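In what follows, a structure is listed as structure tokens, so that the remarks can point back to it.
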Amino acid sequence: MDLDSSLDDLIKKRKGNNHNKPRKQQGKNNAQQQTKSRPALNVKSRAKVTKPQRTGGINSRLSASTPTVSGPLFTSKNQPKRIADPSQIIITKAIPPSQRNKKTHIDQPSVLAGRLVSNFSIRGRSSTVANTSGLSIRGESGPTLILVTGLDPGTNDDDVKCAFEQFGSILSCEVLRDRQGRSFGEAEIEFSSKTAALDCIAKLDNQMADGHYLRVILRENKPKPTIFKPKPIQSVISTPSYNASGKMYADQIAPRYDIRQNFATQVRGAYINQNQITFSQLLTIDVNNPTVIQLLEELVYTNEDQAQQIVDAVLEDTSVPLSKCIANYLQVLRHSNESIALVFETFATFYTSLTLVFKEQDSYYLVSVVCSFSSDLVDLALRADKTGLKGRDRKANTAVHLLSKVFNIMLVDRSPMETSKRQGIVHITNLSFKVYFQLNNMRMCKTLMSNLRTGGVKVPLFPIAHQVTFKYYTGRYSLYHGQLKKASENLLFAFERCQASQWHNKRVILHHLIPTRIILGYFPSIELLQKYKLTERYLGLIQTIRTGNMRGYLQHLETHFEYFYHHLTYLLLKERGIVLVWRCLIKNMHTQKLKLGAKIPVLEFGDCLKAFQVASDEPYTIYDMECILVSLVSQGYVHHTRQRVVLSKVNAFPPISQVRVYTEVYNDEVIQDHMDHAQPQVPEDIQEYMNE
């Protein structure tokens, strides 16, 4: 080759030779075609440009090796100098701007020397005839998953499959879309062999298709079911201990990054597909869960910033609140072995971010996840308060405030029950009841029940477990306000509908149901007390009531003061239960007088006073006795002058459950009107005396 010839003559000569060369030299022409887009080389620098020698065969033609350039900017001191063959030197010419956009004639518009030409198109590929080159690629066995980004929004699954099946057998192909069916411009392709996937990456990565640059990367294969063995982990959520040891090597960092990224990818898939089951499996604080076990191990080697970057890279484009929620969830797992106060604060931050995700439209599939984490929130708050927190510092205040936000989100949802967030409103109400009772804030319980009533929430339509809990707390609320019959109805409903296997829950209900029923005149059977191990608390109490033993009754209450006080029934039994003891004592006196031959059912005040003085240590007087008898008489006659009470001849002491309860109701407006108009005027002399 004449190096002194002009540049234009050399280029024209090579163009003329291209049309006359056989097909075997097509790979060489393809490589020359690519060099036209590169900047011109300075001849004066005398850079040596060499090309790799080809050994022939189809693999060599598809290798797509880039020419090795050696010169002042590309050589190494340790690299041996090579003498360039003049016949192998390629000198390019700078292309003017006016000619850069002109199309170049290419005989085969497909893969050329391992590079894809710029007019490659994927969109609409499924509607055309596939280009079958007869290429057969054999390599590693086993499926391999790749991720393709930068696709045209109009590309569908068949288009991608037709464009990529030239590299090998495709097992599955899916274009990723959002909930509205809009394409993300991404696709997951699973090849039957790893060689086909690597070949696809080598030839299509950073290539332009449909006006977009493609990115093709390896993706971790779809997870297979794996049996995990729970490892002991130190956590306030669970009691075992976990100590991380060993050094971190470079080969350990990459798989951990992929595992974290895979978790975020699974969350994104569950969010896009609105998969309730997958969300429940991924987001949990159960340390025996396989996902939690993996994440706890990987968080040891990943700091907060790295975790945030991984999550944001996968989820931020899908949903900013979801990305923040998952990052806060990982923080909960990271600090799970810290103090209970720090764990609660971290969990409260995560719960707040979860509320923002739940607030989005069509997020009803998150009801079970929100309800589960709401239970965990209350549990952590009550455990934190047991460390000695008082007043406003109690974590229960924070918990009930966060629950109120979720309650309002559910209450305002008017969608049909099948797709409504109201599916969990009774559960959130029950958790709020639990916290309010711990805080002794009964006023807010009334507000919750009022909101449910005005919002049209029908509790009987919800699961029986939610109904039982709701009736239990409303029964306790009625008992707290002295509405015994209403309390008895609600607590009895809860006890009868609670499953027999829930022995502990049924016993908790009896702690409040038995005292309520006793005041109403319904005593529990001995079998019931023995079954739920309440004989010691109530059997002696019932016996003292029936015998009219006031001294023994009060002593029994004092003996078991801690039990009755803890369940808020001590004052009820002491103030209202003592009336039953009075009644039973007088009834026993009347029965004994009838046995002794008395024909007239009359009781003297003096006889009753002696009985009360024997049965009690209190210094009763005759006036106290008269007041007690007046309060007990429903239908009878009390003679004040003769100090006696005349009883009915037929059923003088009916069952307490059949006695009608009279309640005094006062009307303040009527009383004030009576005082202003119905009362006689005060005489003037007395009025003057009062004014002085």
Side-chain angles (χ1 to χ4, degrees), residues 426 429-430 433-434 436-437 442 445-446 448-450 452-453 459-460 462 464-500 502-535 537-539 541-546 553 556-557 560 563-584 631-632 634 653-665:
V426 177
T429 302
N430 294 334
F433 278 148
K434 182 178 181 180
Y436 283 137
F437 272 94
M442 303 302 175
C445 295
K446 183 178 180 180
L448 283 176
M449 292 186 289
S450 177
L452 291 178
R453 183 172 56 256
V459 178
F462 287 81
I464 189 62
H466 295 178
Q467 295 184 45
V468 168
T469 308
F470 182 80
K471 290 292 184 180
Y472 165 72
Y473 282 112
T474 53
R476 288 190 59 183
Y477 175 81
S478 300
L479 179 61
Y480 180 84
H481 288 85
Q483 302 172 357
L484 298 184
K485 287 192 174 182
K486 189 174 182 180
S488 177
E489 294 175 0
N490 293 334
L491 291 173
L492 188 61
F493 176 92
F495 179 77
E496 292 177 348
R497 302 300 176 88
C498 185
Q499 296 182 1
Q502 302 296 326
W503 181 88
H504 175 75
N505 292 343
K506 294 177 76 72
R507 187 173 186 268
V508 169
I509 298 173
L510 288 177
H511 291 326
H512 307 277
L513 179 59
I514 291 178
T516 304
R517 301 277 290 177
I518 286 177
I519 301 302
L520 295 176
Y522 299 96
F523 291 171
S525 63
I526 298 178
E527 292 78 8
L528 181 68
L529 297 177
Q530 291 176 347
K531 180 178 180 180
Y532 294 99
K533 299 182 180 180
L534 296 173
T535 307
R537 268 81 175 190
Y538 290 103
L539 184 59
L541 189 72
I542 295 172
Q543 291 176 352
T544 56
I545 293 176
R546 287 175 173 171
Y553 179 82
H556 185 90
L557 290 179
H560 301 281
Y563 169 80
F564 293 113
Y565 180 80
H566 176 71
H567 295 98
L568 305 179
T569 57
Y570 175 79
L571 292 178
L572 173 69
L573 293 173
K574 186 174 182 180
E575 298 297 332
R576 304 186 67 168
I578 194 65
V579 179
L580 299 180
V581 183
W582 295 344
R583 186 178 187 274
C584 290
S631 64
L632 294 176
S634 176
F653 295 89
I656 299 175
S657 58
Q658 299 179 5
V659 176
R660 182 179 178 183
V661 179
Y662 294 93
T663 305
E664 296 181 356
V665 179

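All values below come from the heavy atoms of this structure, side chains included, with hydrogens, waters and symmetry mates left out. The structure displayed is predicted, hence computed values, not measured ones.
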Does any part of the side chain of [Y], heavy atoms only, come nearer than 4.5 Å to the side chain of [X], both counted from C-beta?
| X | Y | answer |
| --- | --- | --- |
| V459 | T429 | no |
| L492 | T516 | no |
| L448 | Y473 | no |

Check whether any side-chain N or O of [X] sits under 3.5 Å from a backbone N or O of [Y] as a donor-acceptor pair, and report yes or no.
| X | Y | answer |
| --- | --- | --- |
| S488 | L484 | no |
| T469 | H466 | no |
| S450 | K446 | no |
| T569 | L572 | no |
| Q467 | F462 | yes |

Review point. Strictly by modelled atom types, are R476 and Y480 linked by a side-chain donor-acceptor pair under 3.5 Å?
Key: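 Checked: R476/Y480 side chains show no N/O donor-acceptor pair below 3.5 Å.
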Check your understanding: Which residues pass the ring-ring contact (aromatic ring centres under 6.0 Å, His included) test with F493, sequence neighbours left out?
Key ->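 ring-ring contact (aromatic ring centres under 6.0 Å, His included) list for F493, sorted by chain: empty.
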Point to revise | Heavy-atom pair of closest approach, residues L580 and I518 | key: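 Between these two residues, the closest heavy atoms are CD1-O, 3.3 Å.
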Only pairs under 3.5 Å count here: list side-chain donor-acceptor contacts from residues 505-512, not counting sequence neighbours, and write none if there are none.
{"residue": "N505", "atom": "ND2", "partner": "Q502", "partner atom": "OE1", "Å": "3.4"}
{"residue": "K506", "atom": "NZ", "partner": "F495", "partner atom": "O", "Å": "2.6"}
{"residue": "K506", "atom": "NZ", "partner": "C498", "partner atom": "O", "Å": "3.3"}
{"residue": "R507", "atom": "NE", "partner": "Y532", "partner atom": "O", "Å": "2.8"}
{"residue": "R507", "atom": "NH2", "partner": "K533", "partner atom": "O", "Å": "3.3"}
{"residue": "H511", "atom": "ND1", "partner": "Y563", "partner atom": "OH", "Å": "2.7"}
{"residue": "H512", "atom": "ND1", "partner": "H567", "partner atom": "O", "Å": "3.4"}

Practice item. Fit a plane to each ring of F433 and F437, take the angle between them on a 0 to 90° scale, and name the class: parallel (under 30°), tilted (30 to 60°) or perpendicular (over 60°). Key: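 Perpendicular.
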Review point. Relative to the ring of H481, is the ring of Y477 parallel (under 30°), tilted (30 to 60°) or perpendicular (over 60°)?
Key: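 Tilted: the ring planes of Y477 and H481 meet at 30° to 60°.
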